[in-house]
Every structure is written in C-alpha cells, then in structure tokens.
Amino acid sequence: MTDQTPVSYAGPERVLSGVQPSGALHLGNYLGALVKFARLQHEIDTFIFVADMHAITVWQDPALLAGQTREIAAAYLASGLDPAKATIFPQSAVPEHAELAWIFNCVARLGWLDRMTQFKEKSGKHKERSSVGLYTYPVLQAADILIYKATKVPVGEDQKQHLELTRDIAQKFNHDFEAPGFFPLPEPLIQGPGARIMSLRDGQAKMSKSDASDLSRINLTDDADAIAAKIRKARTDPEALPDTLEALALRPEADNLVGIFAALGGESKAEVLARFAGQGFGVFKPALADLAVSALSPVSEAMRRYLDDPAEIDRILGAGALKAREVASQTVAEVKARVGFWGA
Ligand code: AMP
Ligand code: TRP
C-alpha cells in the first residue's frame, strides 16, 4: 500500500466524448452534446468518437450499423467539428478500448455497477435477458475516457453517474497499482440550458430517441415544416410566460421551451424571459419555430451533403482512428506494465 495522499494528474487537458450510432439524433443530442464538441475543439485538444461498441449492447442490424456510424460522423461534421482540429473516429477501429475495458472490469466493483440508473432504465422488467455488455457498459465508457487521459467530458445530464463511476475507477486503479496521478479524474461538462432537453409532449420526460411518439422530439433530419409543426403542437399551459425563473420552474413544459430557445440562441433563460415575459405561447411558439428552423436547417442540409459522399466520411474516420490509436496504444502499454502482464 502507498500512502493515502492523492497525487493529482499533471498532464495536459483533453476533451473526449461520443454518441452511440443507435437511432436518429434529436435536438437533445445536438444541444446537450454536439454543439459543445464544436465549441470545445477551439480551446482544448479534442477527441470525439462514434460509440459503435456501446451500440451493440442492444441488438443492431449488422447491415445497417456501419451506415449509422457514418450518420453520426456526418452529424458531427455538420455541427462544426473540424477533422483538422478534432480527432474523429469510430470506437471499434481502436480495439485498445476493449482491452482497457477488460482490465477496468477487474477494477470496478459489482456494487458500483449495481447503482447505475441507466442500466435499470434500459433493462426494464427483464434484466436477466439483457446482454452482459449492457450491464458493464459504463466500464467501457470509463475506458473510452481514460485511455486518452481525458480531463473534460461534454455530455448531457443523463451521463453524470457514468462520469462518477469513471472517476472511481481512475482513483482505484491509481491506488491499487501504485500509480498516483496516472489517470486524471475527468470532469463532466454539463452546464447550460441544453443539458437536459425534455420531450415536447411531456415536460417531465427526457427528449429521447426511444420515445414512441415522433412528436415528442425534433430530429436533426426534420425539415422546416416538421420542426414548425412539432413546436406548434408542443404541450404547454394557457398562461403567459412569467418574469422570473422561479415561476418558470413550476411549469415544466414552458420551462423546456424557454430552455430550448435559450440554448439555440446562445442566451440564458433569464434573457429569454426578459424579452417574452407577459406574452402567451401564441407569440412565443412561432418565434421559437423560426429560431429552431434557422438554427437546424443548415445542420441538416450539411449532414445530407456529407452523407452524399460516404468515401470522404470514411477517409476522415480512418485518419482519426490512426491518430487515436497512437495515444490509446501508449496508454494500454503503460497499463499492462503496471498490471504486471507478461512481456509488457
Ligand atoms: P444518446 O443519444 O443517449 O447516446 O446521447 C448522446 C449524447 O446526447 C449524450 O451526451 C447525452 O447526454 C446527450 N443527450 C441525450 N438526450 C439528451 C437530452 N434530452 N437533453 C440533453 N442531452 C441529451
Ligand atoms: N454513454 C454515452 C451515451 O449514451 C455514450 C458514450 C460512450 C460516451 N462512451 C462515452 C460519452 C465516453 C462520453 C464519453 O450517450
């Protein structure tokens, strides 16, 4: 045993995040994740991947998976990620993630995974029929992050618990293998009104690709008419917009629409209220629809353009994978030596 004083990580800052290629992207993914990636690439060394190894924790049609991976890559590029600045790659092209995940499976404790709420939600009533991968998925996520010694992870609020687990794994590895400061304790970047976008049909439920109603979400591929119609039909109450955040917080649907307006326009909710307090949804909804269409149409158009040229997407993903592997294989070599593997 070493002494208990934690030595903090002294390496450079790095951003890492990813999205699963398991369904159409929606406004929550865009505001909670994609726009943050594009912003951060200008400030910090940024690694963004397509989480295809996570996607197969639930069944994915093998004939569709590679196309879904290209779609997420196209969404990254369309939201402004620049392959000259950020490293963009498919997770499965860097097999070292799986290698580190195995070692982390032996570091993480069952009790830690038993607490993960996303597994409980996704496995539903039939836990025994879930894949083992779905259960141990947060351990793979920790490997995704720590293999690049990432210090900042931009995600939506639903990923907070997985980041706590990642820190627990980093800390236990550093301690058990007498490697103080070897792995950083990464911080989630969750702030801002886009961190938790709710369903347009129910202000208490997260906007999600698994919601049965397509009216509940705005998809990145929706055209202007669909976006406007969904906002028009969004559930609201009959009151005018209030002038304080406290009053707004008591009205989940109104709060969500104001939050979407703020996130799309790069403002705070207070700034939006300052302009719209006292106005009804008859005024607010058309303004929100205009803003959403003008913010999202260029993204969906750019996405279509990228998807028309899959060879270019593949070139970007291949080049990104090479860069990512350089870093990942270095970390894995160091980890194997710490663990005491033969030849390491
Ligand atoms: P997923 O689609 O669940 O793979 O999520 C991809 C990214 O989008 C993650 O960073 C999530 O936290 C984020 N995200 C998903 N749904 C929402 C939402 N309704 N509001 C904000 N962020 C979200
Ligand atoms: N679990 C994340 C999600 O469902 C996707 C993901 C996998 C991820 N590995 C990651 C996000 C590493 C951030 C960092 O959205």
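All heavy atoms count here, side chains included; hydrogens, waters and symmetry mates do not. Both counts, for ligands and for their atoms, begin at 1 and track the order of listing.
A salt bridge between E301 and R304 is absent, with no side-chain N of the basic residue lying under 4.0 Å from a carboxylate O of the acidic one.
A heavy-atom cutoff of 4.0 Å around ligand 2 is satisfied by the protein residues L16, S17, G18, Q20, F49, H54, Y137, Q141, D144, I145, V153, V155, Q159. Within 4.0 Å of ligand 1, the residues that place a heavy atom are V19, Q20, H26, G28, N29, G32, A33, V155, G156, D158, Q159, G194, A195, R196, I197, K206, M207, K209, listed by chain and number.
The shortest distance between side-chain heavy atoms of V19 and L34 falls below 4.5 Å.
In this structure, F173 and F104 have perpendicular ring planes: the angle between them is above 60°, well past the 30° mark. Between H54 and F49, the two ring planes are tilted [angle within 30° to 60°].
A side-chain donor-acceptor contact under 3.5 Å links Y135 and D114.
Between the side chain of R235 and the backbone N or O of L200, no donor-acceptor pair lies under 3.5 Å.
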Report the C-alpha distance between R275 and E267 in whole Å, list the side-chain angles of each, state the deciding distance to 0.1 Å, and finish with yes or no for salt bridge (charged side-chain N to carboxylate O under 4.0 Å, His left out).
CA-CA 12 Å; R275 274 207 315 290; E267 300 182 278; 2.9 Å; yes
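With a 6.0 Å cutoff to the six-membered ring centre and a 45° limit on the axis angle, K269 does not count as a cation-pi contact of F261.
L264 and V293 fall within the same hydrophobic cluster, where Ile, Leu, Val, Met, Phe, Trp and Tyr residues are linked whenever their side-chain heavy atoms come under 4.5 Å apart, directly or through other members.
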